[in-house]
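Since the structure comes first, as structure tokens, the remarks are kept for the end.
Computation of the quantities below employed the complete heavy-atom set of this structure, encompassing side-chain atoms and omitting hydrogens, waters and symmetry-equivalent molecules.
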Amino acid sequence: MAQRLRVRYAKRGRLRFTSHRDVSRAVERAVRRAGVPVAFSAGFSPHPRISYVGAVAATGVASEAEYLEISVTRECDPEWLRTALDDSLPPGVDVLDVVVAGAESLADRLECSAWEIRLPQADPVLAKEAVERFVAAERIEVERMTKKGLRRFDAREAVLGLEVTEGTERTETTAGQGSGRPCVILRMVVRHATPAVRPDDVLTGLRLLAGFAPPVPPEVTRLAQGPLDASTGGPADPFGLDRDMTRGGETEPVGRHVGGDL
């Protein structure tokens with residue numbers, strides 16, 4: 001291995017319905033198609049040294065901030081790799097940024113995520129009341145089925161910020177749906193914890209606490225993830241420490257790349 005590169009990619013539109021296994025297969029095919037000199041593991045069954053960092057977005061969830069690392073056998077220009085991979089991947093799995101990996105662990109930097117939940121046909125008054133009760137609560141216990149069975153945990157402590165606004169179901173969104181009709185939008189910042197608190201856990205908490213439930217399935221998008229920025233209350237750029245200063249590598253809130261700060 002001569003170099004390790006870190007990749008930020010998005011999962012958009014109809015591709016949000018693909019599983020992580022499907023995405024990983026698409027990435028491996030794109031690496032071969034683009035001629036990336038990927039390194040392989042040793043042993044009887046060598047495989048490309050591509051590792052996914054952090055908790056990947058669930059099937060049905062769009063994302064602007066998924067991360068992986070690729071080890072290569074010769075040094076590659078990050079911008080070349082970004083373009084080559086993006087051109088070789090199907091539309092909807094889009095490579096947004098590539099940097100040369102530093103010594104520090106990328107996984108340790110992914111401390112929190114910013115989420116957007118669009119709730120078509122939801123009542124904005126009821127949504128606002130439910131969010132106010134959620135924020136004021138000290139503890140909200142929810143249940144979710146996990147691989148180890150039914151688990152009960154607090155969905156409130158990990159939520160660092162939660163707000164509600166009104167918007168429209170646009171024809172082009174990161175979640176890939178919309179028709180121009182009004183909808184309620186929830187935006188939240190959630191600290192990564194064990195067990196992980198997911199957007200659907202927050203919706204469950206709103207239902208249990210205030211009886212608020214969206215009339216149609218929500219459209220969920222992860223906007224960003226990274227180290228917690230104390231000044232903004234949201235995730236900062238996890239690539240900040242890796243960037244060469246000639247590329248303007250000062251750490252900044254990732255929200256600036258995805259439509260503004262939370």
Salt bridge between [X] and [Y], side-chain N to carboxylate O under 4.0 Å?
X	Y	result
Arg82	Glu79	yes
Glu163	Arg187	no
Arg156	Asp154	no
Arg109	Glu111	no
Asp94	Lys11	no

State yes or no: do [X] and [Y] share one hydrophobic cluster built from I, L, V, M, F, W and Y residues joined by side-chain heavy-atom distances below 4.5 Å, directly or via other members?
X	Y	value
Leu203	Leu208	yes
Leu96	Ile70	no
Phe40	Met1	no
Leu206	Ile185	no

Inset, instruction - Check whether any side-chain heavy atom of Leu5 lies under 4.5 Å from a side-chain heavy atom of Glu69, and answer yes or no. - result: no
### Message
Contact between Tyr9 and Leu89 at the side-chain level, heavy atoms closer than 4.5 Å - yes or no?
### Response
no
Main-chain N/O of [Y] paired with [X] side-chain donor or acceptor, under 3.5 Å:
X	Y	result
Ser88	Leu85	no
Asp97	Arg8	no
His47	Ser41	no
Thr221	Leu223	no
Asp242	Gly102	yes
Arg16	Gly13	yes
Asp87	Ala84	no

Verify the neighbour count for atom [atom1] of [X]: are there more than 12 heavy atoms of other residues, nucleotides or ligands below 6.0 Å?
X	atom1	result
Arg4	CZ	yes
Arg151	CZ	no
Arg152	CZ	yes
Glu157	CD	no
Arg74	CZ	no

*Does the side chain to side chain donor-acceptor pair (under 3.5 Å) test come out yes or no for Thr83 and Asp86, once each step is laid out?*
CA-CA 5 Å; Thr83 302; Asp86 191 52; over 6 Å; no
Pairing donors with acceptors under 3.5 angstrom, does anything connect the side chains of Ser113 and Arg222?
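Ser113 vs Arg222: donor-acceptor pair found between side chains.
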NE2 (His20) and OG1 (Thr59) are apart, to the nearest 0.5 Å, by 10.0 Å
Heavy-atom closest pair (Arg133 atom, Ala210 atom, distance to 0.1 Å) is NH1-CA, 3.8 Å
